[in-house]
Undergrad: 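Have a look at the structure that comes next, please.
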There are 2 protein chains.
Amino acid sequence: MTADTASLSAPETLSLRERKKLRTRTALVDTALALFTERGFDGVTLDELCDAVEVSKRTFFRNFASKEQVASAPLEALWDGLRDDVERLSFGHAPVLEMLQEALLAALERLDDGGAWVTRVRQSRELAERTPSITAYGLQYCDRTSAAVEATLQRKLGLNPADPRPRLALDLVVASFHAALRTWTAKPGTPTHAALAAELRSVFAVLPGALTFTTA
Amino acid sequence: MTADTASLSAPETLSLRERKKLRTRTALVDTALALFTERGFDGVTLDELCDAVEVSKRTFFRNFASKEQVASAPLEALWDGLRDDVERLSFGHAPVLEMLQEALLAALERLDDGGAWVTRVRQSRELAERTPSITAYGLQYCDRTSAAVEATLQRKLGLNPADPRPRLALDLVVASFHAALRTWTAKPGTPTHAALAAELRSVFAVLPGALTFTTA
DNA sequence: AGGCTTATGCTCCTGAGTAGCACTTTGAGC
DNA sequence: GCTCAAAGTGCTACTCAGGAGCATAAGCCT
């Protein structure tokens, strides 16, 4: 479930079997991103990808649920991180929206491994921009994770399940990240982790204005 | 089997050919929703669906891009309506968010055909809840439509393309509708168009609270 | 070491979605 | 009315994503 997070933060306290599995998983992600970027998502068959990693298709589907997932893996790690944060964190009585914003920034911070993750995110994002099915998968994963986070919030904070505000706040945070991702990807030059975090903070800052701004 | 389901803008001045095409399209949507509801999305093959409607698979794929789309058709009509509204409406100086809310409510109103559409939406929604690929497709369609609406807003209002607020406002409206849809679907009894509109207004009303509410 | 668990490979299968070709229907020009 | 081009449709064959069963090998435990 959190294999993604583990694969990218790479703790060395894993058994040999688990490390091996992680190696093939990482190899699949990296090779997939490279091949998809080079020849397009539809231009690469799973057989080709598996041949390149020297792994059977069976093994591929034990690590990923679909061809789209392997291309979305980097971002899934972020949402998994957010989910784990909300599960772990103790909530005070600050506004829920701010808590979620902090949790996402913390999850993002935790994925800073010196550039490897952020490079994968950039590739994944550019692929998603020209491949609708990847976008679809990613959005569905966000949706599912958001539902899980909402349930956790309700449980930990004793909220009324009929209250739509927690989920709206969550959707707002997710929308903010997507907005940050768009502008970050559009910027030329070497993409950095810090720049992405800065974009996200910037979007968070203008968020209240999204409700009130007028044309004039 | 009577009026138009999706892809509105349908005056009664359709040519015979266009009416025929629309009839097969509607038959495909209704039959698909019925079969999927009865035996599950994965329990029905396209061949079976096409046999039931007495149409070839080739014809199916001329009307729909995927198996998921035919199950999402009712909601696509709503987003298409929102897109058309924003394209058509003249914007005053009111807050953009309120304009979008009004536009969505207007699009929803326009789809009130006495219960046929709303029944299909209910079926489509219940299918999406237990079929991830339908959810994925629907979210991707929302995303694409939102991008188009954002572009229209920028053009008509002369906004800065780097300003994330229009898209955030849009995402907020979309998230509100999804929240309304969830609670509307969860309610037992015969689903009505008016009840859905009421849910949506209700979510719009608590929207500002989503930014500020606290646990205590 | 030996048994147990788990990953992996191999092979066969279903079904979504595409493409080529031929046939029918519709709408427009004569 | 008649013809013809264009569009819709059916049929068929094909590619490829994804799943299932069975056998093997590798890692883990006592």
Side-chain angles (χ1 to χ4, degrees), chain A residues 1 3 6-7 12-29 31-32 35-36 39-73 127 131-138 140-141, chain B residues 7 13-29 31-32 35-36 39-73 127 131-138 140-141:
Chain A
M1 195 182 284
S7 85
E12 297 303 324
T13 59
L14 292 172
S15 74
L16 177 59
R17 181 185 278 170
E18 282 165 323
R19 263 179 293 155
K20 240 180 135 172
K21 181 162 181 157
L22 241 109
R23 248 206 314 273
T24 62
R25 194 192 151 87
T26 308
L28 278 169
V29 171
T31 310
L35 288 179
F36 293 164
R39 316 212 302 265
F41 183 74
D42 293 326
V44 181
T45 68
L46 284 183
D47 286 322
E48 288 173 323
L49 171 59
C50 291
D51 280 352
V53 187
E54 286 177 318
V55 146
S56 81
K57 217 161 58 163
R58 174 84 176 193
T59 300
F60 175 89
F61 281 107
R62 207 177 301 273
N63 284 277
F64 302 96
S66 70
K67 191 182 178 187
E68 284 78 18
Q69 191 183 20
V70 72
S72 310
L127 279 168
T131 314
S133 65
I134 298 181
T135 306
Y137 177 84
Q140 186 260 347
Y141 195 86
Chain B
S7 45
T13 60
L14 288 173
S15 75
L16 177 60
R17 180 184 283 171
E18 283 165 322
R19 264 178 293 157
K20 238 178 138 174
K21 181 161 182 155
L22 206 66
R23 214 177 318 141
T24 61
R25 190 191 154 88
T26 308
L28 279 170
V29 171
T31 309
L35 288 179
F36 293 165
R39 315 212 302 265
F41 183 73
D42 293 327
V44 181
T45 68
L46 283 183
D47 286 322
E48 288 171 324
L49 171 59
C50 291
D51 280 352
V53 187
E54 287 178 319
V55 148
S56 81
K57 215 160 60 160
R58 176 77 179 213
T59 300
F60 175 89
F61 281 107
R62 210 176 298 274
N63 283 277
F64 302 97
S66 70
K67 192 184 177 185
E68 284 77 19
Q69 190 182 21
V70 73
S72 310
L127 280 169
T131 314
S133 66
I134 298 181
T135 305
Y137 177 84
Q140 186 261 347
Y141 195 86

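Naming: A, B, ... by sequence-line order, numbering from 1 per chain. Heavy-atom basis, side chains included; hydrogens, waters and symmetry copies ignored.
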Undergrad: Strictly by modelled atom types, are B:Glu68 and B:Ser133 linked by a side-chain donor-acceptor pair under 3.5 Å?
TA: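 Distance-only check passes for B:Glu68 and B:Ser133.
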
Undergrad: Over how many whole Å does the gap from B:Arg25 atom CZ to D:dA7 atom C1' extend?
TA: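 Roughly 17 Å, once rounded to whole Å.
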
Undergrad: Can you tell which of C:dG17, C:dA7, D:dG27 lies closest to the side chain of A:Lys20?
TA: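 From the listed options, D:dG27 comes nearest.
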
Undergrad: Hey, which sits more toward the 5' end of DNA chain D by its nearest nucleotide, A:Leu46 or B:Thr24?
TA: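 Result: B:Thr24.
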
Undergrad: Mind listing the residues from residues 55-62 of chain B sitting with a heavy atom below 4.0 Å of DNA chain D? Number order is fine.
TA: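 The stretch gives B:Val55, B:Ser56, B:Arg58, B:Thr59, B:Arg62 as the residues lying under 4.0 Å from the strand, ordered by number.
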
Undergrad: Counting any heavy atom closer than 4.0 Å, what does A:Glu54 reach on the DNA or RNA strands: base, sugar-phosphate only, or nothing?
TA: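 Sugar-phosphate only.
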
Undergrad: Round to a whole Å and report the spacing from CG of A:Asn63 to P of C:dA7.
TA: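 Interatomic distance, CG of A:Asn63 to P of C:dA7: 9 Å.
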
Undergrad: Distance check needed: C:dC13 P versus B:Asp47 CG, whole Å only.
TA: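 Computing the B:Asp47:CG to C:dC13:P distance gives 18 Å.
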
Undergrad: Return the value, rounded to whole Å, for the distance between atom CZ of A:Arg19 and atom P of D:dC28.
TA: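 After rounding, the gap between these two atoms is 8 Å.
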
Undergrad: Would you kindly give the OH-to-P distance between B:Tyr137 and C:dA16, to the nearest whole Å?
TA: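 Spelled out: OH on B:Tyr137 to P on C:dA16 is 16 Å.
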
Undergrad: To the nearest Å, give me how far apart CG (B:Leu49) and C1' (C:dG17) are.
TA: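 Roughly 14 Å, once rounded to whole Å.
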
Undergrad: To the nearest angstrom, how far is A:Glu68 atom CD from C:dA16 atom P?
TA: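 Rounded to the whole Å, the gap is 16 Å.
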
Undergrad: Looking at B:Lys67 and B:Phe60, what are the two nearest heavy atoms and their distance?
TA: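 Minimum heavy-atom contact is CA-CZ, 4.1 Å.
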
Undergrad: Could you state the atom-to-atom distance from NZ of B:Lys67 to P of D:dC16 in whole Å?
TA: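 B:Lys67 atom NZ is separated from D:dC16 atom P by 21 Å.
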
Undergrad: Is there a side-chain contact between B:Tyr141 and B:Ser72 in this structure, where contact means two heavy atoms from C-beta onward sitting under 4.5 Å apart?
TA: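 Not in contact.
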
